[in-house]
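Before any comments, here is the structure.
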Amino acid sequence: MITRFAPSPTGHLHIGGARTALFNYLLAKKENGRFVLRIEDTDALRSTEEYTQSILNAMKWLGLSWDGEPIFQRARSQFHREKVLWLVEKGLAYWCHCKPEEIEIGRQKALAEGGKPRYDGRCRELGLGPAPGAAVRFKGPDFGQIGWTDLVKGPIAFDASELDDLVLLRSDDQPTYNLAVVVDDIDMGITDVIRGDDHVNNTPRQILLYRAFGATPPNFGHLPMILGADKSRLSKRHGATSVMAYHDLGYLPEALVNYLARLGWSHGDQEIFSLKEMEGLFSLKNVGKSAAVFNPEKLDWLNAHYLKSREPSDVSNLLKPFLEKRALALPSPQILEKIVLTLRERSKTLDEMAAKAEFYLLDLPKIDPDSAKKLLTPQGLSILARWRELLKSPPNDHGAFENLLRNLAAELAVKPGAAAQPLRLALTGVTASPGLYEVMDILGPQAIQKRIDAALAYAVG
RNA sequence: GUCCCCAUCGUCUAGCCUGGUCCAGGACACCGGCCUUUCACGCCGGCAACACCGGUUCAAAUCCGGUUGGGGACGCCA
């Protein structure tokens, strides 16, 4: 089995493309086949080197390694051209001298009259030859059915009369998508073409081309679209759509891969899958037929899960760029790991974790004014003053702090929570934070005193 | 408009092929509770769906037909 992912470098790798790539990758792995990458850069105007690199990077980040070197389609245009000419020679394609503008007018008219816009084939039997501005069209059948058993959707059939004679070679001598895809898929020995739903309409045309070339068509499988919350096709206005945008937001590749896989595919009730595990489990039989809505909350949940289950040292390293982006000084690896340990159950993304880490890394935390108003009251300040005394020598384990807190609460006749909050505000600047013992363990005795002093001064000032 | 595809909780889905074990299971989200120095995490519990109509059958989420709704395609883009 040989599968392929064939993106056109006219944009960054997006969510939909990534899932297509993932399913092709998974299928090849499951069947011990090959997964190849082909860059469809035949649209010279819109294809760029930057996008090509961006797509390759995104694939690597996701862990979707391909076999062999990527194939660049543009480099093969001469080969494609020869194949077109061969078709003309065999009488399976013909030169068309129609002006694109004229055809466009006919198309608009047909659409306006409620019909299906299609080329009328007027140059078909004219026996025209090459000429400036001429294109080559495929000579399709006039009747009959073209069908296949789709790997995900089951039997699909089109009437030949629905298909017009598609252009194979543009008037600028460049091969078109449908031609290049078929020629390359044959040449590369692709056995299974797994792609987006939006290609179903191309499939009968491509099957016809396979036949014209005397080749057996591969298996086709069309994956349902991914939709936004409003059920329309996922696009920029639904938020981040490029894979690397999720990287920048602080998502882990395994979370995104896991999420994308479950968008359409399932294996019973299981929700958590590693890429390796899916490689053994994947099957197109378990891919649904209907479109799926992209749900960022579930992605968040998965990301939080992986943030918690990955090695803290790994997470520390991944977190560094996000801290740097916030211009925060990096602590020692040991301290950073401790910080991660206190934050990973409270963060959905690395970026959120970096934001939450700020109070540790700043010289003094930013005191939230509203919380200060509530907590740095005369009573709060006296509690804080007591803490200042008590913490001259900070507790050296969780139990010791627990005792300190309970004793103080008893002495002041308040609940432990009430005794703790002023200290929390002094140390972290906010009222919701990791456990106070863990925070103090990370800050160390000097910073503790400094922060308490600053909080006492804050209230006074 | 024409053609193609799709239709189970708000969302992702299991079940559908091989009808009864489904007054429909899991997950996210949401709501309640427990735990608790705050917030989270975790644990426990709850809310919530077979689009509609007809047919086949002793029996339909499951099979068939239609309706409605949604998506996609209709390029000398890919």
Side-chain angles (χ1 to χ4, degrees), chain A residues 6-10 40-43 45-47 73 96 98-100 103-104 107 110-119 133-137 150 153-154 156-159 161-164 166-172 174-178 180-181 196-204 222 224-225 227 229 231-233 259 262-272 285-286 288-302 304 308 342-347 356 401-402 405-406 408-409 415-421 423-425 428 430-437:
Chain A
S8 67
T10 53
E40 311 223 315
D41 52 357
T42 53
D43 184 345
L45 253 46
R46 296 191 299 148
S47 301
Q73 208 163 42
C96 169
C98 294
K99 298 264 174 294
I103 294 171
E104 183 55 29
R107 210 191 324 271
L111 220 41
E113 288 169 358
K116 187 165 188 116
R118 61 194 291 281
Y119 175 64
V136 174
R137 283 182 184 272
D150 196 272
K153 302 207 182 239
I156 300 179
F158 283 79
D159 211 290
S161 61
E162 292 296 326
L163 279 24
D164 61 358
L166 77 160
V167 171
L168 303 177
L169 190 67
R170 293 195 268 258
S171 51
D172 65 358
Q174 289 305 310
T176 60
Y177 162 76
N178 277 298
V181 167
D197 225 350
D198 47 341
H199 283 288
V200 216
N201 298 270
N202 287 324
T203 305
H222 290 92
M225 300 275 89
L227 313 176
K231 304 239 183 196
S232 72
R233 195 175 169 160
Y259 178 70
R262 283 290 287 108
L263 209 51
W265 175 75
S266 64
H267 182 255
D269 287 340
Q270 190 173 341
E271 295 288 348
I272 307 291
K285 282 199 176 56
N286 299 316
K289 299 178 181 188
S290 48
V293 174
F294 187 85
N295 182 214
E297 280 81 31
K298 190 148 184 182
L299 208 211
D300 281 348
W301 173 73
L302 279 165
K308 279 177 281 190
T342 68
L343 258 25
R344 64 177 186 174
E345 310 210 314
R346 297 174 167 80
S347 312
K356 290 202 157 99
F401 172 69
E402 201 76 27
L405 175 61
R406 291 194 190 289
L408 179 61
K415 286 182 182 171
Q421 285 305 75
L423 177 61
R424 186 181 310 281
L425 182 67
T428 70
V430 288
T431 54
S433 80
L436 285 175
Y437 170 71

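All chains are named by letter (A, B, ...) in the order of the sequence lines, taking the proteins before the strands, and each is independently numbered beginning at 1.
Atom pair D197(A):CG and A73(B):P shows a separation of 9 Å (rounding to whole Å applied). A straight line from NZ of K289(A) to C1' of U8(B) spans 15 Å, rounded to a whole angstrom. A78(B) atom C1' lies 6 Å from atom OH of Y177(A), rounded to whole Å. When rounded to the nearest whole Å, the span between CG of L227(A) and P of G69(B) equals 18 Å. Distance, I156(A) CD1 to A73(B) C1': 12 Å, rounded to whole Å. When the P atom of C39(B) is taken as reference, atom CD of Q421(A) falls 8 Å away, rounded to whole Å. Rounded to whole Å, atom C1' of C5(B) lies 14 Å from atom CD of E162(A). Note: CZ (R346(A)) to C1' (U36(B)) measures 11 Å, nearest angstrom.
For A40(B), the OP1/OP2 oxygens have no side-chain nitrogen or oxygen of K356(A) closer than 4.0 Å. For C5(B), the OP1/OP2 oxygens have no side-chain nitrogen or oxygen of K153(A) closer than 4.0 Å. Between R107(A) and C74(B) there is no side-chain polar atom (N or O) within less than 4.0 angstrom of OP1 or OP2. Listed pair T42(A) / A78(B) meets the phosphate criterion, a side-chain N or O lying under 4.0 Å from OP1 or OP2. Side-chain nitrogen and oxygen atoms of R170(A) include at least one within less than 4.0 Å of the OP1 or OP2 phosphate oxygen of A78(B).
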key: Intermediate values then yes/no, side-chain hydrogen bond (donor to acceptor under 3.5 Å, both in side chains), T176(A) and N178(A)   = CA-CA 6 Å; T176(A) 60; N178(A) 277 298; 5.7 Å; no

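Comparing the same atom, P, in A49(B) and in G25(B) gives a spacing of 11 Å after rounding to whole Å. Nucleotides C50(B) and C63(B) have their C1' atoms positioned 15 Å apart, rounded to a whole Å. Comparing the P positions of A61(B) and C22(B) gives a spacing of 13 Å, expressed to the nearest Å.
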query = Once each nucleotide of nucleotides 9-15 of chain B is scored for protein heavy atoms under 4.0 Å, what B/S/- sequence comes out, 5' to 3'?
reply = --SBSS-

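With distances taken from any side-chain atom of R424(A) to the nucleotides C41(B), A78(B), U38(B), the minimum falls on U38(B). Closest to the V200(A) side chain, of the nucleotides U38(B), C6(B), C4(B), is C4(B).
With rounding to the nearest 0.5 angstrom, the NZ atom of K285(A) is 14.0 Å from the CH2 atom of W265(A).
Mapping D164(A) and P7(A) onto RNA chain B by nearest heavy atom places D164(A) at the nucleotide closer to the 5' end.
Base-pair partner of A73(B): U2(B) (Watson-Crick or G-U wobble, both distances under 3.5 Å).
Residue-to-nucleotide contacts include a donor-acceptor pair under 3.5 Å from the side chain of S171(A) to the base of C76(B).
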